[in-house]
Structures are given as structure tokens and as C-alpha cells.
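Here the structure comes first, spelled out in C-alpha cells, and everything after it is commentary.
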Amino acid sequence: MSDILFTSSATALGGREGKVQSSDGVVSFNTAMPGSPRAIRLANSTNPEQLFAAGYAACFDSALQAVARKEHVKFSSEVTANVSLLKDEADQGFKLAVSLQVKGTDIEKEQLEDIVHKAHQFCPYSKATRNNIDVSLEVI
């Protein structure tokens, strides 16, 4: 096993209709299924897909900038992760799909596309999801 750089911890109580909190208390949210009575009642609630989208977007943007630094390219980037909950016909359960939308300023689209594909090989979230869920890349 590789050397651990750090570990983050969070605890969930009640699943999609409960609460999540990080061990340091920085993350502390009520959870609710979008459109449910609980979500309507708790306007600032979140869901696992939203939390995953936030993490993936931040991680991918960091990977994008790391690849750019290696290639001596400077540009501003913005990554939006759209995480969808889908029915899984294989087991009648659920599965995820992700669409990453990447915007770049001060860079040509072709060069940005190249860096996006390299970042997808480098990003820890992309590595974790590879061959597990559908992830599409869109350069805007």
C-alpha cells in the first residue's frame, strides 16, 4: 500500500433522510432525497450525489491544474460535475453517472481538451470511478 498522505472521515446517520458530518465538524448537513417532503422542509439539505459532485469537481480541477503546471501552461479553469442517480436494470437497484464540464480561459480549446484527457488519467476520483461508472468529459 502507498504512504497515506491524509485521511478524511465523515459519518452518516439515517442515510438519505438523515445527516452527514465530518470528523472535524466542517461538513455538517442534513440529507434528503430531492423532491421529498423532508427536502422541502429542510431547504439547506443535501444528498450523496451532490456531495460526490462537489468532491469530484474540486479534485478534477486540481488535477487539471497539476497537469497544466507539468506542461508549463497557465490558464483559469472551472469544473462542474453533474452526478446523476440512475436505475440499474442489471439488479433493479441504482447506479451513478457523471458528466464533467470543463471551462478554460486563456487557452485554446484543442490544448484544453488534451489537458482534460490527461487530467482524467491523473485525478484520484477519475481513477476510482474508471470502469465502474460512466464518466463523460465535455470541454466548453
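Reckoned from all heavy atoms, side chains included, excluding hydrogens, waters and symmetry mates.
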I need the full list of side-chain hydrogen bond (donor to acceptor under 3.5 Å, both in side chains) pairs touching residues 31-44, with sequence neighbours left out, sorted by first then second residue.
none

Partners passing side-chain contact (heavy atoms from CB on, under 4.5 Å) against Ala119 (at least two apart in sequence or in another chain):
Phe60, Ala63, Leu64, Val67

With a cut-off of 3.5 Å and sequence neighbours excluded, list every side-chain donor-acceptor pair involving residues 94-107.
from	atom 1	to	atom 2	distance (Å)
Gln101	OE1	Asn82	ND2	3.2
Gln101	NE2	Glu138	OE1	3.2

Cluster companions of Val27 among Ile, Leu, Val, Met, Phe, Trp, Tyr (side-chain spacing under 4.5 Å)
Val20, Phe29, Leu51

Donor-acceptor under 3.5 Å (Gln21 side chain, Ala10 main chain):
no

Give every residue pair that meets the salt bridge (charged side-chain N to carboxylate O under 4.0 Å, His left out) criterion with at least one member in residues 110-127, sequence neighbours excluded.
Glu71-Lys118, Asp114-Lys118

For Ser45, which residues count as a side-chain hydrogen bond (donor to acceptor under 3.5 Å, both in side chains) partner, sequence neighbours excluded?
none

Can you list the steps and then say if Glu17 with Asn30 is a side-chain contact (heavy atoms from CB on, under 4.5 Å)?
CA-CA 8 Å; Glu17 300 294 319; Asn30 288 307; over 6 Å; no

OH-SG distance between Tyr56 and Cys123, expressed to the nearest 0.5 angstrom
5.5 Å

Looking only at heavy atoms, the pair that brings Ala32 and Asn47 closest together is O-CB, 3.7 Å

For residues 80-93, which residue pairs pass the salt bridge (charged side-chain N to carboxylate O under 4.0 Å, His left out) check, not counting sequence neighbours?
none

Please check if the side chain of Thr46 supplies one atom and the backbone of Gln50 the other of a donor-acceptor pair under 3.5 Å.
no

Would you find more than 12 non-hydrogen atoms of other residues, nucleotides or ligands less than 6.0 Å from Glu108 atom CD?
no

Run through the side-chain heavy atoms of Ile, Leu, Val, Met, Phe, Trp and Tyr, join any pair under 4.5 Å, and report what else lands in Leu5's cluster.
Phe6

Quick one: do Ile115 and Gln111 satisfy side-chain contact (heavy atoms from CB on, under 4.5 Å)? Show the steps, please.
CA-CA 6 Å; Ile115 291 173; Gln111 187 176 31; 4.3 Å; yes

Can you tell me if Ser28 and Lys19 form a side-chain donor-acceptor pair at under 3.5 Å?
yes

How many angstroms lie between atom CZ of Phe52 and atom CG of Leu85, to the nearest 0.5 angstrom?
12.0 Å

Sequence neighbours excluded, the answer for side-chain hydrogen bond (donor to acceptor under 3.5 Å, both in side chains) partners of Ser23 is none

Can you list every salt bridge (charged side-chain N to carboxylate O under 4.0 Å, His left out) pair that touches residues 45-59, not counting sequence neighbours?
Arg16-Glu49

Can you give the donor-acceptor pairs under 3.5 Å from side chains of residues 72-80 to other protein atoms, not counting sequence neighbours?
from	atom 1	to	atom 2	distance (Å)
Ser77	OG	Asp61	OD1	2.5
Ser77	OG	Gln65	NE2	2.8

Besides Ile140, the hydrophobic cluster formed by Ile, Leu, Val, Met, Phe, Trp and Tyr side chains linked at under 4.5 Å, directly or via other members, contains none

Test of understanding: clusters of I, L, V, M, F, W, Y form through side-chain heavy atoms closer than 4.5 Å, transitively. Do Leu137 and Ile133 belong to the same one?
yes

